[in-house]
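Remarks on the structure that follows.
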Amino acid sequence: MKNLILLLLFLAATSLPLTAQQKSISGTVKDLNGVLPGTAVSEKGMPANGVITDADGRFRLTLKGSSHTVIVKLIGFASQEIDVAGKSAIDVVLQPSTQGLDEVVVVGFNQARRITNTGAVSAITGSEIRNVPTANVQNTLMGKLPGFVAQQRSGQPGRDASDFFIRGVSSLNSDGNKPLIIVDDVEYSYDQLQQINVNEIESISILKDASTTAIYGIKGANGVLVVTTRRGRSGRPQVNLRLESGQQSPVRTPEFLDAYNTALLVNEAYKNDGLAPMFTAEDLELFRNGQDPYGHPNINWYDAVFKKHAYQANTNIDISGGTEAVKYFISGGFLTQNGLVKDFSDPRNEVNTNYFFRRYNFRSNLDMRANKTLTLRLDLTARFGDINQPYNANVVSEVYNFEKIHPYSAPLMNPNGTYAFAADTKDKLPTINARLANGGYNRSKRTDFNVLFGATQQLDFLTRGLSLTARIAYAGIEQYSRNLFRPAPPPSFHYNPVDQSYTLDPRGNYRLQAYRVTGNTDLYSRNVNTQAFLSYDRTFGDHAFNGLALYNRQSYAFKSDIPANFRGFSFKVGYNYKQKYLLDFNGAYNGSDRFQARKRNGFFPAIGVGWSISQEPFFRDHIGSVSLLKLRASYGVVGSDVTSGNRYLYRQEYFYGSDYSFGENHTPQRTIYEGELGNLDVTWEKARKADIGIDVNLFRDKLSFTVDYFHDIRYDQLVRKGSVPNMLGIGFSPTNVAKTSNKGFDGQINYRGSIRRVNFNTSLVFQYFKNKVLFKDEAQPAYPWLAETGLPIDQPFGYTFIGYYTPEDIQKIQANAHDKPATPLSEYPIQAGDLKYKDINGDGVIDNNDRGPIGRPNLANTVLGLTLGANYKGFSVNLLFQGAFGYSFSVVGTGIETFQSQFQPIHQERWTPENAANAAFPRLTSNPTTVNSARTYMSDFWLIDARYVRLKTVDLGYQLPSRWLPRRLNNARLYLSAYNLLTWTNYDKYQQDPEVASNSAGDAYINQRVVNLGIQIGFK
Amino acid sequence: MMLFLLAGCLMAMVACRKDYEAIPLEKVTIEYVFDKDDSLGTYANKFLNSIYSKLPGGYNRVGGDLLDAASDDAVSGLTGTSAVSQLATGAFTSYAAIADETPWAGSYAAIRAASIFVSNIDVSPVKEKLPNGYSIRYAWKAEARFIRALFYFELLKRYGGIPLMGDEVRELGDDVQVPRSSFADCVNYIVSECDAIKDSLRPNPVAAPELNSHRATRGAALALKARVLLYAASPLFNGQNIDPGNTLTGYTAYDRERWKLAADAARDLIDENTFQLLPDFKDIFITQHNSEVIFFRQGGNNTSIEETNGPVGFAKVARGRTNPTQELVDAFPTDQGLPITDPASGYNSNDPYIHRDPRLAMSILYNGARWLNTELQTFEGGQHRPGGAEPGTKTGYYMRKFMGRFENATQYSNTSHDWIIFRYTEVLLNFAEAENEYNGPTADVYQVLKDLRARAGIIAGDNGMYGLKEGMTQEEMRKVIRNERRIELAFEEHRFWDIRRWKIAAQVYGQPLHGMSILREGPDFSYNPVEVFRPVFTAPRMYLYPIPYDEVVKNDNMRQNPGW
């Protein structure tokens, strides 16, 4: 349609009489992904003199004026003015943009233009993230989209998708904060989203306020992520081939102490605990000089097990084009990511036990014009993937875990070529390399299949601008896991260099056991979505109307569960007067069958208003540099039907319990017990969302900015009431009682310009949110500082660190002095150098009552993203710096605690009488639950306020000039891209990635840095 | 085309109506459990089983220790802080409770389950009849009421008067702000329940014991009634209320007649002649439904008691968790029935374990006792008290009671470990205590003690008095009965409550607890009592537990116990 308008303009232009000066200029218009057919190229100052690029993106224009400048314009891209003085051929590379006045962003079942939109929407195009070398689309969005906050918890190939939220979190219900994901108007799950190939994505929008999400009604409260996929355009077949290969390496490599330094610290800890030292001076010397590599080994197990780099590659091919009758976009992709574990190939073992991920994507999007008024659409997508990992082993955790292996536990291999086992540990397991070489694997094989069949009938014969669309979409997922494993660990021996004897490991597995296979269907789901909607879009002079009436139903069946059904009506009415006064009214009446019939359906209305001041004559006439100044506001109610766990909270169930045995033979008898009480009134959660925004474009859209302030109240949240006495005698389902608020702002500033021939663009994305629990029906705590109400959602609690116990403190404690410091009730007496915590209630005892709110929740409340891009001729550079601020995390157990974690450099900075002033770690101890344990006594010593800045993505490219290309090629681009290239953090307590999950053992697969080389070729 | 598509959509909508069920029918609801067509009561019986499974299991249930390890009879073998040491030193508050000894929620869960059964069982037309012609439905219902009453008693002895929930089964949103009933009302309720159900319960001995021995019988109801009335008559609640005038913590005035009620209740059961003392003391605990067992909770057929409490130092791992104190050992008389302090008793402090009440050897493992085909070495540094990383017993003693006959076995084998909640001996001792308080040391009182001592294997003596002094005063007799109760019922979760209801806990816990340090000197041993544990008891508040903090703040009508 847009092309048609431009074509008309062009026809109108060419019909004008030609004037004197004539100069011909030709060229090719491209973006980073290939040629751009249908681009309007016109002469500056003579808007009537313009052409449209052909199927190969080429144009030829005869200049008639004197500006020597052409303007290149295409919807979805920033327009460019190019000085062509003295040139006859140019290559133009356009930059994607969603900031122009007429740019459209995809919203629910519809599109919105920047100039008339009243809601809070942010969007990017697929081409902006296509070169990021990561397997998951959600890993590419933080810092690009205001309001989008993500945390990548793991770098494991195939399981490295970020958790993400829109405008933070506002529900106390653990699953209740996940945004709705809509791909081509059909709901996707989180794990389906991460299966999508970024190469297939046309655009991504996030819908943040009630005005834009009300159309989803009961599913709209957490915001919506809307993805559209690429479709064919009329024209000759255009083939695009992208080949990438790259190298993954850990963002941060943990450093562990060697055997000698570990042994020193072990001896010190034993001394502190009143035990005899474990190592003699002779042992220490042997550790230090390494002269006894079998009796006194010194192995850095991290280095022994992990490689420095792992390979990844991504290959994509797509073909698009079409005629008026049929348009197509067909693509295929293959992604492979290998794991970082070394190849411990063993002659008796031919299986790959390493981590890896392989994914194949296929998509065919077809549009057919059946007759003048009816178009049909058929989208087919299939994805197959394999995720491989060592059987039953978290290798990072194994390496970190001091209880499983020490640097001096065993050599990598015995001198006779047999495997060793960790003879000095409790489990006495064969070394990690022995088990990796022989242990087998766990492999998940997953298939996703999606079909969307739709038709749109123009109903202009009823009234102009009316159409009816119907769609049926099907999504199926199957995942089957195959476990290949040996029932027992491989044979291993302890070698004694003194008498050169070998002792078989205590399990006595002399024989290597044969492999065994088990399998299981992990996922099997079917989701059928039926939609029908009438849409209307018509302008009567100064009055523009649009409308939508939608019927939507969805049925989701998981494994043997009965289907979960959703059904409802939605509508949307938009009106604007001269694009000046804007009014949108959206709503939905829908519900899901997880609630009782009378509590099932809710009405969710929202209103959005806007005023484009820049369209007012008084403004436009005086302040010409402001092309857009729009104020907008929206308010509405949306819902969330998530019930954590049990889908049928209103039904009380009776369960079979564990058997009670009786009779002389202790015969087990079945028992039935009462399950949690049902909540007959259970219903959806609701959010009142208010949003005020301003959109500004200045200096011919070169500078634009958008800022939104939002204030949401989430109420009727499903939490378990804390105020019901246990005398009820039974657990009970969550009740719609809790209430939270969430407010903040987000926005972005874009500037694009050019200095000479260098075009550059910068964009700053920012967001801040702050949430608070207003009510959660908690039982009144014994002390006010134990209350969670009034604090942020997921506020951590713990002790307050006030220094280390000094030797004087210990004397006072032993003398029972009146001013002795408070101590915990622990089975281990306090010693100097232990962490001293504040006795908040002043009872002389450090216990649970002295825990208060410390730090912040784990989710960053402030996110910044700075994109810097520039291109010169065919060269382009694009950097994304991403920062996250205002969050806390801690690592416990095997990640940091002595005798649970391997000894790390931080442990050398422990408290000793000499180092008391500069201690960064408490005194060493081998006891697991002392006051120094982060797991037992979480405190603000362990919970650190973190922030980080990352050079998240880098894209350097060179697009070969068209004239260099062979005849069959119309585009070729070489690029170097990177992901997580550099990281700056503010902490040194933990050797962890800043996106680590708080309170975990820090043993997730380490996030990866990827450096990637790619080539992209377009064929005619 | 378009019409076809729309028709397809419509069909998809219509098709869903009938072919697919709207709710998950595989989820069992109460209508299945109490089914109006189920004349066998299949599911209802399974529900009743789940109520039985909530019964307290005794043994090492308090943080891995016996409750008795929180009395003056034993200490925990655990190094450092244990739940029982916290219990014995008062290291708990209403807010920071000892989880395993705060049965508030668990008791009310059992009470609720019983009430559900009582309120719904009549829906099922169960036809089966007991051999005595009564409908089994009445017996089942009475069993549920018995368990409910038992749980009320479990609460009563810990907290004093507690909220009585009646037969009502409350739903989410119902009023649960139930106030505490007075101590007197709670006692009356439990007693009236026992009276109401005793004729509906199965008579003793129970028919088909291989299937039904675990069930609450008439005898169980009578035994519960006797125990409740004994507690009610005891000083803590009857006359020495820790908060005089507070009806929740006991009676506001002493009434001697309460001892009569207790004595009569015990005598009622004794007079039915349905239970007898088992000749062999050891067999009481390891043989099923023997003549002495009135009511028990099923344990397993396993070696768990032996492995948890048996002596360390054997090849097969045992953890030596329960270490009896010197105080308990000294409470056992000699084999002539005389206290060891009596010069005539024949006690030799240089060879303290010979010529003692045979129950000592059947309850406690001491240095030189035979176990697992070995003479135990609990002297300092001995095989079964090695010291060091796994130090073994703190007191020089291990618990022997409840374990199988492993004196001459080489390893543990599976043994039946039912937890006996009521046994006949306790009823006899309840009777003797109450009778002595009401009528003084009558012949009936003497007879109880003589029977117990005869069964224990104490020498009858020329006068046939088993070492008992003739013509004791009420005071002297009280002392004897209390001591007899201590040694006979040791480790059976009586002592901990007895010292409270007798209101002697402050004195008892005021003394440090001792073990025996035994030094080997060549072939001989020297015995030196040493202090091993110092309990702390804050009177009067520790005579009752604090109501859990949450329950007080969640319930506007809840009153906390004094001092907490």
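Everything numeric here is computed off the predicted structure, so don't read it as measured data. Numbers restart at 1 for each chain; the letters A, B, ... are given by sequence-line order, proteins then strands.
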Which heavy atom in [X] sits nearest to a heavy atom in [Y], and how many Å separate them?
| X | Y | answer |
| --- | --- | --- |
| A/M727 | B/V176 | CE-O, 3.4 Å |
| A/N726 | B/Y108 | O-CB, 3.8 Å |
| B/T29 | A/Y654 | C-CD1, 3.9 Å |

Can you tell which of B/D418, B/I116, B/I162 has the highest number of heavy-atom pairs within less than 4.5 Å of chain A?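 Going by pairs under 4.5 Å, I would pick B/I116.
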
Can you tell me which of [options] forms the most heavy-atom pairs within a distance under 4.5 Å of chain B?
| options | result |
| --- | --- |
| A/I730, A/D659, A/L728 | A/L728 |
| A/Q780, A/K721, A/Q669 | A/Q780 |
| A/N848, A/V724, A/V845, A/D593 | A/V724 |
| A/A782, A/A779, A/G675 | A/A782 |

Which bit of [X] is near chain A, if near means a heavy-atom gap under 4.5 Å: side chain, backbone, both or neither?
| X | answer |
| --- | --- |
| B/I51 | neither |
| B/Y43 | both |
| B/A105 | both |
| B/I30 | both |
| B/S416 | both |
| B/V169 | neither |
| B/E551 | side chain |

Using the test salt bridge (Lys or Arg N to Asp or Glu O under 4.0 Å), find all partners of B/R112 that sit at least two apart in sequence or belong to another chain.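 Salt bridge (Lys or Arg N to Asp or Glu O under 4.0 Å) list for B/R112, sorted by chain: A/E674.
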
For B/R148, what residues pass the salt bridge (Lys or Arg N to Asp or Glu O under 4.0 Å) criterion, not counting sequence neighbours?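 Residues passing salt bridge (Lys or Arg N to Asp or Glu O under 4.0 Å) with B/R148: B/D167, B/E193.
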
Any chance you could lay out the side chain to side chain contact (heavy atoms under 4.5 Å, CB included) test for B/K46 and A/Y656, step after step, and finish with the verdict? CA-CA 9 Å; B/K46 291 185 167 78; A/Y656 286 107; 4.2 Å; yes

Heavy-atom distance under 4.5 Å to chain B: side chain of A/T735, backbone, both or neither?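 Only the side chain of A/T735 comes within 4.5 Å of chain B.
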
Check each atom of A/F732 against the heavy atoms of chain B and say whether the ones under 4.5 Å are side chain, backbone, both or neither.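 Side chain only.
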
Verify the neighbour count for atom NZ of A/K559: are there more than 12 heavy atoms of other residues, nucleotides or ligands below 6.0 Å?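 Yes, the 6.0 Å shell around NZ holds more than 12 heavy atoms from other groups.
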
May I ask you to check whether over 12 heavy atoms, not counting those of A/R526, lie within 6.0 Å of atom CZ?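 At most 12 heavy atoms, drawn from other residues, nucleotides or ligands, come within 6.0 Å of this atom.
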
What's the spacing between A/L680 CG and B/L172 CG if we round to 0.5 Å?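 Atom-to-atom, A/L680:CG and B/L172:CG are 8.5 Å apart.
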
With a 3.5 Å distance limit and no angle check, can you tell me whether B/N49 reaches the backbone of A/R670 through a side-chain donor-acceptor pair?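 Yes.
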
Going by the angle between their ring planes, with limits at 30° and 60°, are B/Y52 and A/Y660 parallel, tilted or perpendicular?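 Aromatic pair B/Y52/A/Y660 classed parallel.
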
Check whether any side-chain heavy atom of B/Y95 sits under 4.5 Å from a side-chain heavy atom of A/N849, and report yes or no.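 They are in contact (side-chain heavy atoms under 4.5 Å apart), so the answer is yes.
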
